Structure formats: C-alpha cells, structure tokens
Amino acid sequence: MAGLREYIIVRLILTPAMVLILLTVVFLILRVLPGDPVRASVGPKVPEEYVQKIRHELGLDKPLYQQYIDYIVGLLHGDFGKSLITRRSFKEELLSRFAASLELALCSMLVAIPLGLSLGYLGATRRGSSLDHISRLLGVASYSIPVFWLGVILQLIFGIWLGIFPVTGGAPPSIKFRVPRITGMVMLDSLLSGDIEAFLITVKHMVLPSLTLGFVISGVINKVTRNAMLEVLSEDYVIAAKARGIPDFRIKIKYGLRNALIPILTIAGLQFALLMGGAVLTESTFSYSGLGTYMRDAVLSRDYTVVQAAVTLYAIIVAFVNLVVDIIYALLDPRIRY
Amino acid sequence: MSLLRVNNLRVVFETPYGQVKAVDGVSFEIERGEVVGLVGESGSGKSTLGLSIMKLLPPNARILSGQVIYNGVDLLRLKEDELRKIRGKEISMIFQDPMTTLNPTMRVGEHIAEALMYHYNMDKEEAWRIAKEVLESVGIPAERAMDYPHQMSGGMRQRVMIATAIALKPKLIIADEPTSALDVIVQDHILELLKDLRDRNKASIILITHDLSVTADIADRVLIMYAGRILEVGTVEHIYYHPHHPYTQGLLKSIPKLGSKSELYIIPGSPPDMTNPPSGCRFHPRCPYARGICMKEAPPLVKVEKGHLVACWLYIER
Ligand SMILES: Nc1ncnc2c1ncn2[C@@H]1O[C@H](COP(=O)(O)OP(=O)(O)OP(=O)(O)O)[C@@H](O)[C@H]1O
Ligand SMILES: [Mg+2]
C-alpha cells in the first residue's frame, strides 16, 4: 500500500495550495469590485473624515499587499477580521452558522444518497419496468420542481395539515442555548452530551429541510447511478462473469455497483460542496439560520468582510471535500492506488 | 452421442435498420476431446454462434429456431438458473480482448476463486488455493494472484482468462479469437497453451478465428462460416489440401506464405450486408463460378467424402 500513502500525501500537500489560491482569488475579487465598501455601508451623508476613521480601524487604508498579508496571517490565527457594519468580530456567529449548514448538508445527503442510489440502481437493473419509470419520473421531478416550492408544499402538508413536523428548520434557540457547544452541530452535540430530548426536538426540526434538499439532490445521484450502472453492466467483464456462471446479484453488486461507484461518488461530493453554500433558498424557506442566509444578508448589507470570510470558509470546505473524495477514489479504484 | 449438437440454429438481431440475420440455419456437432476451428471473416456470425451456445446473447438478439443439444439436453430450453450451473462448469468461454474482460476492481485470483465458491460451495481458503494452482498451470506465479488486472500485460491477462475458463474443468471451451488482440509472439504462447490444454484436459474446444492458419496445427476439424451459414466442414487435411468451396479456396490463397514473392490474393467483392443478404448462395456475388441456380436457391451441405461436407452447387448433381 505504499502507493496509497504517497498518493494521500501528495493530496494533502496540494490541498492547502488549492485553498491558498482560492483565498487569493476571493481577496482580489472583493478589492477590484467597483465602489467603496465602507462608504456604501454608512451611506452618502456621513462625513469623509468619519469614513476615513473606519477605514483606518479596519485596516483598509493600508496598501493592498499589506492587507493581503494581514488577511492571510489573520486566517492562520483563526481571525476573520471585523464586520464592516457592526465593526465587531463575527467569528462566533459565522462558525455557528457554518456548523448549522454543515449539519443540514449532512442530513440532506443522508436522504439523497440512499434515495438516489437505490432509485438509480433499481432503474438500471430493472430497465423498462414500472419501477424504472417511477424512478425516472422522480428524477425529473427533482430537477424541475423549484426547491422553495417543494419546501412550502412539505410545510403545508406535514407542518400545517398533519402537524407532525415544525415549519421552521434547525434547532430552536432555547435548545441551542441549552446544549453545550462541542462541534456546533446541535443534533450531534445533544447526542454527545446525552440530552435525548434536545436531540429529538432538533431532529424534528431538521426533517422537512433535509427532505426538501435531499430530494432535490437525489435526482442527480439517481441519474448518475442509473447511467453508470447501465454502462458498467454492458462491459465485457460482465458477460465474461456470466459465462463463468456467477450469480446475478453478485454481478450486479461486485461487478456493477462496485465499478459504478466512482462516478457516483464524484457527483455526491460535488453536490455536498454545493449544498454548503448554495442552500440559500431552502434556508430562507425554513428560516434556517445557516451559512447561506448569512451570506445573503451580508451581501445585501454590503458587509464585505463577512462575505469574504464566508466565501473563504466555503473554499476550505470545497477543498476538504475534494480531498476526501480523492482519497475514497483511491480506496475504490486500484488503478489509482498503484 | 456427440458432446454438443447444434441443429438448424437461426439468430437475428433487431436493429433500427432491420433484422440482422447473424446466424442462419447452422448445424454441426462436436465430439468429446475434439478441437474444432470456426473460421470466417469479420461479421460472419462466429461470435453470435458462440454466445448462443451459452445463451449469452445481447438483449436485442432473438433465437428464431434451432436446438443446442449438450449431453442430450437442449440448452436453449433451460431456465436461467439451470444455465448458470452449466456456464463455467460444463461450458466455458475465452474472449477476444483480455483488456476488457477482467473486472478492474477485482484481484485476478478472485475471478477464479469466486467461480469455485459458487459452483462447488467451496470455502474461501480452498478456493484461493486452487485458484493459485490453476494460475500456475497457465504460467502465472501464484503470488501474482493478488494483482489487479491493470498490473498485468495483455498476454498475462489472457492467461488469467484461460485459467478462469479451465478452473472448473469444463468439457467444452469456446475460445472466441483468443489471440487476435495480442502481439505475434504472445499469440504463439497462447496457442501453445491451448494445445497443451487440449492434450492435458481432454476438453473439447471451439476455436473461433478469422485467420484460417491459426487452426492448422491445433484443430481436428474446421468449419468455414460465411454470412451466417456454414459453407464447408472437414478435417484440417480436407480443408488445407482438398478445399472444395470456392470461398475456402479463396481463403487459402489469401494466407501469406513464407518466402513467396507473389502478391497476396484477396477475395474480390466485399462482405454482404447482413440485414439484406444475397439470395440463394450467400457467396454468389463474389464467386468466380456463380451460375443461375446459385442466385435462386441456397445449396444444402452435402457429403463429398467421409467427414467432408460442402454447400456448393458445383458438387451437386442435378
Ligand atoms: N448486438 C448486436 N446488434 C446488432 N447487430 C449485431 C450485434 N452483434 C453483432 N451484430 C451483427 O451480427 C453480425 C454477426 O456478428 P458477429 O459478432 O457474430 O460476427 P463475427 O463473425 O464474430 O465477427 P468478428 O470477427 O468481427 O468478431 C454482424 O453483421 C454484426 O454487425
Ligand atoms: Mg466475433
């Protein structure tokens, strides 16, 4: 397994390099955008010397390279800078929002992967059957139904008519304050601290947003699984295995799914990364306080440091997911490993 | 009783451009321990014939008629789970391209071991032990059993494929162009291995090839196939020294000979369109001796000598 270790070490070295490039791009884009963020944030009526003072306070009057160094050094110390609006550190808020988004993304994947994988698998292995048609119908529905619309419908059915699940997403504030912060993910923290009641309440609040996002993502996974399975099952090595009298179920799993997993994993990783930053609509629908709504609010109030920090966090997550996907790749595919 | 008898087999493929008549009324038999060469140019239906014997045809294929009698049982009438017990254990197959016929995410030894486990309910350890033995018998060191296919050369992979095909000691091996994807020296090694197999295992072999010369020192008999039909059957001597069918004669002339300066003969014309094959004798548009009857009626396979059959109007008294 020397090959595998080397491969992982190379990926581990490449990941910070990739993050640094992403950070630099984020930094530069926000600096070259037209307009003065500080002036924009206080409005036109505030006198110039006051604006100058804020700039100085935030270090925005320094030369660009100095700002860049401060930014990178700050990040290395876990310092995201100060909000343009409140002029206070927003690290707490950012991290708690981030943890909430991560929790939602994980729960959504918990819905999307089993759903998409089994629908795609059944569609491919029972091609042309009514199961296949249902699977494809659900797939098409998942891309064509707007996510907020699905969210509202689920709220209406399960929240208002049936009254089983709350219409707001994420842990209610009372629970958030009650559960000690360990990872920042309330569901996980309540479990870790043994507070089962808090756990159950949080789960109830997670069901509808996770179902909404999970269903939307399941369509892509379903489609990729179906296509990859169909392709793999028409490979010569599948005919050869049949000619050896290998049972059908073994062929479908060990020859089919096993080889189809590589493209499926790629798409699942991509979707997960997208979920982290792109769940704005779902978060808004369920008034879920995650990174998506936080970033939206920061953009609307032109709080560039917050946008910069949120995008930075997002870049780190994308790089990390990439790393994990690459490592699982190597574990799945011996051609990469050796 | 012959080990295998194929009776009047007809197989078509349904395509958007019409029905491809890939195998059109083929009959032959194979005795125990016999090696039969199945020779014909590309598209003549050799692989289709081989796959029909194991009932492994693609979904768009249809068997219109015929029987495949193996040990007295018509395989075409068997259910899938009965067939599965025969595949690999009674009849096995070697394919053309060793680069694509091994599962890339499975160790080569497991290809053999899993078959032993499913057919004989063998435990894992025993199955792997035998798998390594079989690999050694085809010239692959036992420690390479843990390799993945991509770690091996084409020639080694084809040895692995042969090992998977002989591991369960089948009575019939269908080898579909087992050497065509390999370079010349490796081709010779693989042919030697097949000859060795013929002598050691006493298995019957159907050796499918488009190259008549490949069959010369391995086959007992040769079937000449053209456009889904068998045109001539005979021993290697019959086919090489007394070819009767004009197509067989053309094939022989087109084998390059060592030291010969004359230009290589090419059979004139081109292979027929299998969705709309020529009437009568399928070869008549390319045949130097074609007459009126050849276009109207297909000639039956008739005996010209003991064990030597030809389907050509030249040899039929009218
Ligand atoms: N799945 C399929 N669908 C449609 N037509 C097919 C299919 N498989 C084979 N054919 C056609 O059937 C005919 C016989 O093909 P087959 O593969 O049996 O020929 P072959 O003698 O093995 O040729 P080769 O030497 O190229 O392997 C050809 O005309 C081919 O194009
Ligand atoms: Mg072929």
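Chain identifiers are assigned alphabetically (A, B, ...) following the order of the sequence lines, protein sequences preceding nucleic acid strands; residue numbering begins at 1 within each chain. Everything numeric here is computed off the predicted structure, so don't read it as measured data.
Within the 3.5 Å criterion, the main-chain N or O of B:Pro98 finds no donor-acceptor partner in the side chain of A:Asp236. Although no hydrogens or angles enter the test, the distance criterion places a donor-acceptor pair under 3.5 Å between the side chain of B:His119 and the main chain of A:Arg244.
If you take CD1 on A:Ile239 and CE on B:Met93, they are separated by 9.0 Å, rounding to the nearest 0.5 Å. Considering CD of A:Glu235 and CG of B:Leu102, their distance stands at 12.0 Å, rounded to 0.5 Å. The CE atom of B:Met117 sits 10.0 Å away from atom CD1 of A:Ile246, with the distance rounded to the nearest 0.5 Å.
Annotation: A:Lys252, atom NZ; neighbour count of heavy atoms from other residues, nucleotides and ligands within 6.0 Å is above 12. The 12-atom threshold is not exceeded at CD of B:Glu125, counting heavy atoms of other residues, nucleotides or ligands nearer than 6.0 Å. The 12-atom threshold is not exceeded at OH of B:Tyr17, counting heavy atoms of other residues, nucleotides or ligands nearer than 6.0 Å. Summarising the local packing, OH of B:Tyr120 is surrounded by more than 12 heavy atoms from other residues, nucleotides or ligands at distances under 6.0 Å. For CD of A:Glu231, the number of neighbouring non-hydrogen atoms (other residues, nucleotides, ligands) closer than 6.0 Å is 12 at most. No more than 12 heavy atoms of other residues, nucleotides or ligands sit less than 6.0 Å from atom CZ of A:Arg126.
Interface residue B:Met161: only side-chain heavy atoms are found under 4.5 Å from chain A. Using a 4.5 Å cut-off between heavy atoms, B:Glu110 contacts chain A through its side chain alone, with no backbone atom that close. For B:Leu56, the parts lying near chain A are the backbone and the side chain together; criterion is any non-hydrogen pair under 4.5 Å. Contact of B:Ile112 with chain A is not made at all, since no heavy-atom distance falls under 4.5 Å.
Between the side chains of B:Thr105 and A:Asn259, at least one donor-acceptor pair of N or O atoms lies under 3.5 Å.
In this structure, the side chains of B:Tyr118 and A:Arg250 come closer than 4.5 Å at one or more pairs of heavy atoms.
B:Pro104 approaches A:Tyr237 most closely through the heavy-atom pair CD-CE2, 3.3 Å.
Interface summary for chain A: among B:Gln96, B:Lys85, B:His111, the most heavy-atom pairs under 4.5 angstrom belong to B:His111. Most heavy-atom pairs under 4.5 Å with chain B: of the set A:Ser234, A:Ala240, A:Gly245, this distinction falls to A:Gly245.
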